[in-house]
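First comes the structure, then the notes that go with it.
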Amino acid sequence: QFVSLRQRILSAVQKNATRGDPRSVIRAIDQFCSQKEWAMNVGNEKGCILDSVVSEVNPATVLELGTYCGYSTVRIASLLPPYAKFITLEFNPDFAAVARQVIAWAGLEDKVQLVEGASSDWIPKIKEQFGIKTFDLVFLDHWKEHYLSDTKLMEECGLLRKGSVLLADNVICPGAPDYVEYVRSSPRYKSHYFRSHLEYTKAEENLWYLGIIE
Ligand SMILES: CCCNc1ncnc2c1ncn2[C@@H]1O[C@H](/C=C/CNC(=O)c2cc(-c3ccc(F)cc3)cc(O)c2O)[C@H](C)[C@H]1O
Ligand SMILES: [Mg+2]
C-alpha cells in the first residue's frame with residue numbers, strides 16, 4: 001500500500017538512528033534525503049549554520065514556525081539549555097504526528113512543545129498559554145508567503161524585543177521577497193544572510209539572519 005514520504009522518513013529514523021541520540025536522528029534523515037528521496041528539511045549545510053546561531057544566541061525562549069518532520073526541531077532542541085522553553089507550530093496533523101515520533105526517538109520530547117495549529121491562530125495566544133514574554137530566537141520555515149504576515153503579527157503581539165533574533169530559511173528558494181523587502185527597509189532590523197545551498201543540492205540559497213535593534 002502507499003507509504004507517504006513522511007512515513008518513509010520516520011521509518012528511516014526508527015531503523016537507522018539510536019533512541020535518545022539526536023545526532024543519529026539528524027544523520028539518518030540526511031542520509032535518507034541525500035541517498036533516497038529529497039525532502040524539504042533544512043539539511044546539514046544550513047543545519048550547521050542554524051546550530052551556530054542557536055549556540056551563539058543560547059536562547060531561553062525559541063519559536064519555530066513549521067515543524068514539518070521535526071528535523072530542525074531536533075537540531076535546535078538538542079542545543080538548548082535545560083531551562084529553555086521551545087515551542088514549534090505545525091498545522092498539518094499528519095506532519096505533527098510524524099514530528100512527535102521523530103522528536104521522541106531523539107529523546108527530546110521534554111525539551112520542546114509541539115503545538116498543532118496555525119501560526120496566525122496561535123501567535124496571539126502564546127503569552128497567556130505558555131507564560132512567555134518575548135522570544136530570544138524565532139526560526140521561520142513554514143509557508144513562505146506567511147513569513148511577513150507572521151513577523152508583523154509577532155511584532156503586534158509584543159513577542160519580539162531588542163535583541164530578538166529571527167532566522168528565516170528559504171529566502172532565495174522558494175523565496176520570500178516581500179519579507180526580505182520589509183525587513184531590509186525597516187530601521188528596526190539589522191539583517192545579515194549566510195550564504196549556503198538548498199538542502200541536498202548545489203543550488204544557491206541563504207539563511208536570512210535578522211537581529212532586532214530597537
Ligand atoms: C496559516 C498558514 C501559515 N501558518 C502555518 N502554521 C503552522 N504550520 C504551518 C503554517 N504554514 C505551513 N505550515 C507547515 O510548515 C511546513 C511547511 C513548510 C514549507 N516549506 C517549503 O515550502 C520549502 C520548500 C523548499 C523547496 C525548495 C526548492 C524546490 F524545488 C521545492 C521546495 C525548501 C524548503 O526548505 C522549504 O522549507 C509544513 C509542511 C506545513 O504544514
Ligand atoms: Mg525550509
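Atoms within each ligand, like the ligands themselves, are counted from 1 in listed order.
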State if A203 counts as touching ligand 1 under the rule of any non-hydrogen atom under 4.0 Å.
no

Taking the side chain from N170 and the backbone from C173, do they hold a donor-acceptor pair closer than 3.5 Å?
yes

Considering only the protein, which heavy-atom contact is closest to atom 38 (C) of ligand 1, and what is its distance?
E90 OE1, 3.4 Å

Would S120 count as a polar contact of ligand 1, with the cut-off being nitrogen or oxygen pairs under 3.5 Å?
no

Identify the heavy atoms of S78 and P22 that sit nearest to each other, and give their distance.
CB-CB, 3.8 Å

Decide if the gap between the ring center of Y147 and the ring center of H142 is smaller than 6.0 angstrom.
yes

So, is T67 polar-close to ligand 1, with some N/O to N/O distance under 3.5 Å?
no

Which is closest to atom 23 (C) of ligand 1 in terms of heavy atoms, M40, H142, E64?
M40

Under 4.0 Å and counting heavy atoms only, is there anything from the protein next to atom 17 (C) of ligand 1?
yes

Protein non-hydrogen atoms only, distance under 4.0 Å: does atom 20 (N) of ligand 1 have such a neighbour?
yes

Check this for me - ligand 1, K144, N or O atoms closer than 3.5 angstrom, yes or no?
yes

A quick test of your reading: do over 12 heavy atoms of other residues, nucleotides or ligands sit less than 6.0 Å from OH of Y182?
yes

What do you reckon, does Y147 put a non-hydrogen atom under 4.0 Å from ligand 1?
no

D30 side chain near Y71 side chain, heavy-atom distance below 4.5 Å
yes

Cut-off under 2.8 Å, centre the Mg ion (ligand 2), protein N/O/S atoms
D141 OD1, D169 OD2, N170 OD1

